[in-house]
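What follows is a set of notes on a single structure, which appears directly below.
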Amino acid sequence: MAARNDHADVLIIGSGATGSLASLVLAEAGLHVICLEQGGWVEPREHPHYRPDWQWDRRTRWNADVNVRRPNADDFPVNSDSSQVLMWNGVGGSTNVYGALWPRYRPSDFRKGTEHGLQPDWPITYEDIAPYYEKADALIGVSGLEGDPAMPAHPAYPTGPLPMGAPARKMAEAFDKLGWHWWPVPAGVISSDYDGRPACNGCGICTGCPRGSMSKFSLSVWPRALEAGTELRTYARVIRIEKDRSGRATGAIYVDRNTGRQHKVTADVVVLAANGVGTPRLLLASDNLANSSDQVGRNLLHHTLVACEMWVDEPLASHTGYVAALISREFAETDTSRGFVNGFNFNCVTTGGAGEQANGHMTQARAPWGKGHHQWFRRHFGRNFGIFGIGDDLPNPDNRVTLSATQRDADGVPVAELHYRPGENDMKMMKFMSDRLVDIAKATGAFEYKLQDYMDEHGIYRTPAWHLLGTARMGKSPDMSVVNKHQQCWDVPNLFIIDGSVLTTGGVVNPTPTVTALAIRAAEHIRDNFRELAKTTRPMAA
Amino acid sequence: MGVVGVSEAIRLSTMLRDLVDVLIPGEDDWPSASLAGVNGILGMRLLEELGEDALLQVEQALEACGGPLGPLDEDQRTSVVAKLEASQPRLFTLIRTATYLGYYESPGVIPAIRALGQPYDPVPIFKGYRLEPFDRERDRPKHNRGFYIPTDEVKPVDISGLDHLGERHGRA
């Protein structure tokens, strides 16, 4: 029973990183923006950081895996036959629990169709997105060191590089010994006070940041978006996007989770910002909306991922400082002599608290129980660090998000089902990455190292899937993509998708910087063409 | 489950104490897990994760492996817990995780961690850790390694030697 009907210039579904940025851009332009968020605000004191048992809390109540953490009514169910599905539903979205590494994609990431044809070219280039990387950097206060020879030149970051801790120096030594590239990693973490937020204090608990030093978007972007006039409705779970006979989206039906009542918001433009699982789920549940290409939900990308944890003799206080230390782009470009296409990147990271180190942090290497326990701890504590290898996985249309035929959530929306298997090229890359991780471990002089391939006892790859990409991808033609270069649905001209699902390829780095830059770009396009978009029945351009 | 009687309460509490001390015994400056209070923490974690019958489940599992631990000597206790680890890996993982995290989160254990010579704050969000700021002279990479391929210079690569890609070609 609808009890409340409203109209907005722009309706935004989802209040995570991209929804907040679009809200800011469009509200600042004077448009009436309503943003619907199925979860609530996450107050700083709710984070695990302030609890003496924060290590337990972030494995349980604050576990990023929606299928592991305590039943949280803000979440929606996701059945996965492989991946650990990592996300957070609430104001600020997954920035409540992410690590905020902030590297950009490379020019070749946008040109894989030209390079080998196993992925499509993006309809845009690095040069198209570069100005928007800079806009996002400025909003967030990204820290980093300019001048990386492995990347196109760009202006200095708004805040300087974070401290190089002892683990970073140790890893840099190893990369130098191997003759490989390394660089301080850009981070969505401010190294000096910025925009009313305090600089990182190096506490080392980088699972989100209730101080706001790491850009938790509810603390960094949302205050500005609200001040600009955005109407944010929390506990508002969208169950369907509606369209009219002309093919235009008319708005969305949502459930007010506080009252259980349904409402409708109509809008001239609808923007979907519900992540790489939530967006295809909602499109498929909305009578297969925007899916004439049959690409909605397909080509799910997570990145290839392997890791290595290593221990050295000298104490490094490896539980201190920002979690990510260095990045290495040594293998970022395709070199077919390695036996596969595409490249990868190394993210070098610090470790967790004492209990997490004893219990096995990145790998299953843990202190033995019983007599040898204390000896192990004395030898290993604070002397470890980890390196993730993260690479560009090839799209596979069978890796996809679909709807359950039998299960529905409490509001009647079919449950999302997720299937993902790495392909042979991905597996070859991961084997190569693991071998190089061993090279690094040996170069550090590690007295012990342990690889993590994320394979379970049945040989199923159970990657911690932070990166939910590709399921409504951007393309040059409507037959093989869902949105055009403006992130406008080919089939529904006033419907835009601005989350990670539009990424054509995954690149070799954490995708949030690229996703946010694209969101700003799309929002500015909507802003600059709003009058036309408010009435058109055709996409404006390929 | 009905009201827990006194004898059952003592029996289950003793079970938790004995179990955590097999996992983390005391040694030199390190308190045993029970001395640090981990048995109480473990009980609450088990209740939280497994429900009201959690401790009875653990008791039954230990008995199936040769427990209870109380009357046994050190080697026998180790043998029983090793059997529990092998026969009930999910339950054991929960017990071990809760015990390890509870131990190193216990205020009484923090001095022993600090005595190892590295800074350690059990709740570091408040004060953070003092780290030397990035020094552009000292810390900037000197290697000048690294390259990228500019947009206009991205060219087709020869994938004819990559047999595993044969079937995929053209499926972008």
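Proteins come first, then strands; the chains are lettered A, B, ... in the order of their sequence lines, and each starts at number 1. Just so it is clear, the values below take in all heavy atoms, side chains as well, and ignore hydrogens, waters and symmetry mates. All of these numbers come straight from a predicted model, not from anything done at the bench.
In this structure, A:Arg106 CZ and B:Phe147 CZ are separated by 7.0 Å, a value rounded to the nearest 0.5 Å. The CZ atom of A:Phe340 sits 11.0 Å away from the CG atom of B:Leu165 when rounded to the nearest 0.5 Å. Residue B:Glu105 holds its CD atom at 9.5 Å from CH2 of A:Trp56, rounded to the nearest 0.5 Å. For the atom pair A:Arg111 CZ and B:Asp152 CG, the distance stands at 7.5 Å (nearest 0.5 Å). Going from atom OG1 of B:Thr151 over to atom CG of A:Asp109 covers 10.0 Å, rounded to the nearest 0.5 Å. For the atom pair OH of B:Tyr148 and CZ of A:Arg329, the computed distance is 12.0 Å after rounding to the nearest 0.5 Å.
What you find for B:Phe134 and A:Pro184 is that their closest heavy atoms are CE1-CG, 3.9 Å. Smallest separation of non-hydrogen atoms from A:His116 and B:Val157: CB-CG2, 4.0 Å. Closest of all the heavy-atom pairs between B:His164 and A:Asn425 is NE2-OD1, 2.8 Å. Among all heavy-atom pairs drawn from A:Gly202 and B:Leu131, the shortest one is CA-CD1, 4.3 Å. Contact record, B:Ile125 with A:Pro210: CD1-CG, 4.3 Å, taken as the closest heavy-atom pair.
Neither the backbone nor the side chain of A:Ala332 comes within less than 4.5 Å of any heavy atom in chain B. Neither the backbone nor the side chain of B:Val109 comes within less than 4.5 Å of any heavy atom of chain A. Contact annotation for B:Lys142: neither backbone nor side-chain heavy atoms come within less than 4.5 Å of a heavy atom of chain A. At a 4.5 Å heavy-atom cutoff, the contact between B:Pro119 and chain A is made by backbone and side-chain atoms alike. With a threshold of 4.5 angstrom between heavy atoms, B:Leu23 approaches chain A through its backbone and through its side chain. Neither the backbone nor the side chain of B:Arg77 comes within contact range of chain A, judged by heavy atoms closer than 4.5 Å. Residue B:Ala112: no heavy atom, backbone or side chain, is found under 4.5 Å from chain A. Of the atoms belonging to B:Pro156, heavy atoms from both backbone and side chain fall under 4.5 Å from chain A.
The closest side-chain heavy-atom distance from B:Arg140 to A:Leu145 is below 4.5 Å.
Taking chain B as the reference chain and counting heavy-atom pairs below 4.5 Å, the highest number among A:Arg366, A:Gln375, A:Glu127 is found for A:Arg366. Most heavy-atom pairs under 4.5 Å with chain A: of the set B:Thr97, B:Asn144, B:Asp158, B:Val22, this distinction falls to B:Thr97. Among the candidates B:Glu153, B:Glu85, B:Glu132, B:Arg96, the residue making the largest number of heavy-atom pairs closer than 4.5 Å to chain A is B:Arg96. Per-residue counts of heavy-atom pairs under 4.5 Å with chain A were compared for B:Lys155, B:Lys127, B:Gln118, B:Arg130; the largest is that of B:Gln118. Of the listed residues A:Tyr126, A:Tyr50, A:Trp182, A:Trp54, the one with more heavy-atom pairs under 4.5 angstrom with chain B than any other is A:Trp182. The residue among A:Gln357, A:Arg169, A:Glu330 with the most heavy atom pairs within less than 4.5 Å of chain B is A:Arg169. Note: B:Leu116 leads B:Thr99, B:Ile41, B:Asp21, B:Leu116 in heavy-atom pairs under 4.5 Å with chain A. For the options B:Pro150, B:Ala98, B:Gly146, heavy-atom pairs under 4.5 Å to chain A are most numerous at B:Gly146.
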Full working for side-chain contact (heavy atoms from CB on, under 4.5 Å) between A:Lys371 and B:Glu74: CA-CA 10 Å; A:Lys371 266 187 178 173; B:Glu74 187 179 334; 3.1 Å; yes
side-chain contact (heavy atoms from CB on, under 4.5 Å) assessment of A:Phe381 paired with B:Ile113: CA-CA 9 Å; A:Phe381 171 67; B:Ile113 300 172; 3.8 Å; yes
Worked check of side-chain contact (heavy atoms from CB on, under 4.5 Å) between B:Arg45 and A:Asp53: CA-CA 11 Å; B:Arg45 301 305 190 207; A:Asp53 62 345; 2.9 Å; yes
Trace of the side-chain contact (heavy atoms from CB on, under 4.5 Å) decision for B:Tyr100 with A:Glu356: CA-CA 8 Å; B:Tyr100 280 19; A:Glu356 292 172 324; over 6 Å; no
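Not one N or O on the side chain of B:Tyr120 forms a donor-acceptor pair closer than 3.5 Å with the backbone of A:Gly353.
Aromatic pair B:His143/A:Phe175: centroids not less than 6.0 angstrom apart. Between A:His373 and B:Trp30, a ring centre-to-centre spacing not shorter than 6.0 Å is recorded.
Note on A:Arg378 versus B:Glu27: salt bridge recorded, some NZ/NE/NH1/NH2 to OD/OE distance being below 4.0 Å. Under the 4.0 Å criterion applied to side-chain N and carboxylate O atoms, B:Arg136 and A:Glu146 are assigned as salt-bridge partners. A salt bridge links B:Arg145 and A:Asp176; the closest N-O separation between the charged side-chain nitrogens and carboxylate oxygens is under 4.0 Å.
Between B:Tyr104 and A:Phe377, the ring-plane angle classifies as parallel under the 30° and 60° cut-offs.
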